[in-house]
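What follows is a set of notes on a single structure, which appears directly below.
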Amino acid sequence: MSRPVTLSRRRLLQGGLGFLGMSLPELLALRAEAGAGGFGKARRCIVFFSWGGMSQLETFDPKPDAPSEVRSDYFPIATRTPGIQFGQYMPRLATQSHRLAVIRSVYHPEAGHRNAAYWNLTGHPPHRPTNDEPIFPSRRDWPCLGAMVARFQSARPGFPGNVAIPYQIADRGLLNGQDAGFLGMQYDPMVFRPDGVPYKGVSPSGGEIRLDMAAGVNRARMQSRDALLERFEAASSAAPATRQLEHYHAMATNLLLSPQVSAAFELDHEPQRLRDTYGSHICGQSALQARRLTEAGVPFVMVYSSVGDLNGSSGDNWDTHGNNFNRLRNDLLPPLEQASVALLDDLDARGLLDETLVVWLTEFGRTPRVNPSAGRDHFPHCYSVAFAGGGIRGGQVLGRSDRIASLPTEQPCTPADLHATIFHALGIPHDAHLHDNFGRPMALADGRVLPLF
């Protein structure tokens with residue numbers, strides 16, 4: 001009988017290695033010891049991020065008894081789970097309520113998109129609280145969720161550990177909190193947009209990864225070039241910056257030379273009927289791409305389910321200061337719903353849902369009171385998110401908001417709690433430590449694991 005592994009704070013900090021100094025057998029033993037309560041049931045994670053701020057009132061937390069200036073013309077509908085209601089323009093997700101754990105009591109104090117998104121993407125407060133003016137992303141930033149997962153959850157050899165689809169997001173410039181920050185560029189997400197999909201977004205970065213070789217270069221010639229480069233690299237110094245560049249070189253080589261790796265990025269391998277189930281829009285095909293990648297061996301994929309740049313609140317994004325109801329009904333919810341339901345059904349049919357954590361996240365909610373432009377404004381004080389798969393117990397609601405969804409009244413939670421819960425599902429102790437640029441140990445998440453399992 002094997003001896004249980006215990007992990008003390010002293011062990012975490014000892015020798016400056018922390019949790020990262022554990023051997024693989026010790027990590028597996030730790031996961032087995034803590035296996036109750038959903039710990040480690042997920043092997044991969046897909047996050048839908050509704051960039052711009054999804055309204056809680058029209059989605060997961062409708063308020064049928066609120067005054068008309070709050071409720072407007074939206075009404076709740078019954079879901080598959082008795083006692084749980086969703087907004088009336090979410091009929092497809094209502095059929096999936098038995099798989100969903102909805103949290104109606106998330107909050108933080110940041111009313112600007114950039115700071116709010118940083119908090120939700122990294123699980124940590126922004127550099128400049130209440131000051132949402134753009135600052136350049138830097139290696140001082142906290143790592144994004146995908147980078148932290150990739151640091152602890154190994155990808156299959158040849159595959160990236162962290163992918164963002166279909167672009168990076170921006171608001172007056174590229175957003176902080178989307179890359180690996182102080183973990184280094186080897187954990188940055190690979191940004192990939194599925195080929196041949198209608199694209200309405202505006203983004204300062206991100207695009208299609210072309211898997212074609214240069215003219216006159218075949219696979220054998222490429223392999224010969226790569227072998228020559230490896231000999232040169234073996235003779236060079238292994239400085240951290242060099243190792244990071246070598247990581248990217250190896251990744252690019254795998255995409256070009258490994259049929260198994262490159263095939264995971266090609267949606268043409270999927271039956272057309274299944275592609276149609278996900279939807280012919282960028283959100284649906286991005287979700288299908290996320291399923292292909294995670295099934296192939298990528299531990300984390302972020303799907304940004306709106307345009308890349310908020311562009312002054314115009315376009316298909318969730319920043320609905322004006323015409324909130326029509327935009328949700330006609331442009332925003334149908335693609336997200338179709339993609340979400342297709343993904344859940346597809347994962348379930350493949351026997352992958354129990355080990356794939358799916359999360360619906362956003363940076364904040366919208367104001368309870370409808371403004372004169374028939375819109376809702378930024379509102380971080382109460383919003384909703386949802387979880388499914390990966391050991392999550394579906395058919396439940398955690399937390400409660402007040403009569404108009406303006407404040408949590410039961411079980412309030414923060415972005416740090418959401419991150420702690422994601423790490424728990426993936427078998428990563430949320431109090432494990434990373435080290436910043438100064439070598440200081442930093443806990444992955446300062447929150448608590450939510451009782452969703």
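Remember, predicted model here, so these are calculated numbers, not experimental data. Atoms considered below: every heavy atom in the structure, side chains included; atoms not considered: hydrogens, waters and symmetry mates.
Put simply, the side chain of Pro126 does not reach to within 4.5 Å of the side chain of Asn176, judged on heavy atoms. Between Val298 and Pro160 the shortest side-chain heavy-atom distance falls below 4.5 Å. Between Phe423 and Met148 the shortest side-chain heavy-atom distance falls below 4.5 Å. In this structure the side chain of Thr414 never reaches within 4.5 angstrom of the side chain of Trp119, judged on heavy atoms. You'll find the side chain of Phe325 stays beyond 4.5 Å of the side chain of Thr320, heavy atoms only.
Salt bridge annotation for Arg139-Asp188: present, with a cationic side-chain nitrogen under 4.0 angstrom from a carboxylate oxygen. A salt bridge links Asp319 and Arg366; the closest N-O separation between the charged side-chain nitrogens and carboxylate oxygens is under 4.0 Å. Between Asp171 and Arg114 no salt bridge is recorded (no basic side-chain N to carboxylate O distance below 4.0 Å). With respect to Glu295 and Arg44, no salt bridge is recorded, no charged nitrogen being found less than 4.0 Å from a carboxylate O. We find that Arg327 and Asp331 are not joined by a salt bridge, their nearest charged nitrogen and carboxylate oxygen being 4.0 Å or further apart. Salt-bridge annotation for Glu58 and Arg376: present, with a side-chain N of the basic residue lying under 4.0 Å from a carboxylate O of the acidic one. Using a cutoff of 4.0 Å between basic side-chain nitrogens and carboxylate oxygens, Arg92 and Asp345 are not scored as salt-bridged.
With ring centers used as reference points, His424 lies under 6.0 Å from Phe39. With ring centers used as reference points, Phe60 lies under 6.0 Å from Phe86.
Among all heavy-atom pairs drawn from Leu344 and Leu100, the shortest one is CD1-CD2, 4.4 Å. Between Tyr167 and Tyr304, the shortest heavy-atom distance links the atoms O-CD1, 3.1 Å. When all heavy atoms of His435 and Gly439 are compared, the closest pair comes out as CD2-O, 3.2 Å. Between Glu337 and Tyr89, the shortest heavy-atom contact is OE1-O, 3.4 Å. Of all non-hydrogen atoms in Leu121 and Gly177, the two that sit nearest each other are CB-O, 3.5 Å. Across all non-hydrogen atoms, the minimal contact from Ser306 to Trp318 is CB-CD1, 3.5 Å.
One finds the CZ atom of Phe364 at 7.0 Å from the NE2 atom of His108 (value rounded to the nearest 0.5 Å). Put simply, CG on Leu418 and CZ on Arg448 are 9.5 Å apart, with the number rounded to the nearest 0.5 Å. If you take NE2 on His127 and CZ on Arg140, they are separated by 5.0 Å, rounding to the nearest 0.5 Å. Annotation: the span from Leu336 atom CG to Leu93 atom CG amounts to 6.5 Å, rounded to 0.5 Å. Rounding to the nearest 0.5 Å gives a distance of 7.5 Å between CZ of Phe265 and CZ of Phe159. Here the CG atom belonging to Asn131 is positioned 9.0 Å from the CD atom belonging to Glu110, to the nearest 0.5 angstrom.
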Distance-only check: which donor-acceptor pairs under 3.5 Å involve side-chain atoms of residues 385-396, not counting sequence neighbours?
unit_1	atom_1	unit_2	atom_2	d
Arg393	NH2	Gln396	OE1	3.1
Gln396	NE2	Arg393	O	2.7
Gln396	NE2	Leu452	O	3.0

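If you check the side chains of Trp360 and Ser340, you find a donor sitting under 3.5 Å from an acceptor. With hydrogens and angles left out, the side-chain atoms of Asp446 and His419 include no donor and acceptor closer than 3.5 Å. With hydrogens and angles left out, the side-chain atoms of Gln285 and Arg275 include a donor and acceptor closer than 3.5 Å.
Between the side chain of Ser97 and the main chain of Thr81, a donor-acceptor pair closer than 3.5 Å is present. Within the 3.5 Å criterion, the main-chain N or O of Ile46 finds no donor-acceptor partner in the side chain of Arg291. Between the Ser384 side chain and the Gln56 main chain, no donor and acceptor come within less than 3.5 Å of each other. Between the side chain of Gln85 and the backbone N or O of Pro62 there is no donor-acceptor pair closer than 3.5 Å. Looking at Thr367, its side chain does come within 3.5 Å of a backbone N or O of Asp377 through a donor-acceptor pair. The backbone N or O of Leu444 lies less than 3.5 Å from a partner atom in the side chain of His124, making a donor-acceptor pair. Side chain of Asp348 to main chain of Leu353: no donor-acceptor pair is present (N/O by atom type, distance under 3.5 Å, no hydrogens or angles). With hydrogens and angles disregarded, a donor-acceptor distance shorter than 3.5 Å links the side chain of Asn120 to the backbone of Glu363. Although no hydrogens or angles enter the test, the distance criterion places no donor-acceptor pair under 3.5 Å between the side chain of Ser50 and the main chain of Thr362. A donor-acceptor contact shorter than 3.5 Å is absent between the side chain of Asn162 and the backbone of Val301.
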Worked check of salt bridge (charged side-chain N to carboxylate O under 4.0 Å, His left out) between Asp346 and Arg292: CA-CA 11 Å; Asp346 195 8; Arg292 283 188 63 81; over 6 Å; no
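Aromatic ring orientation, Trp51 versus Phe49: tilted (interplanar angle from 30° to 60°).
Other residues, nucleotides and ligands place no more than 12 heavy atoms under 6.0 Å from the CG atom of Asp354.
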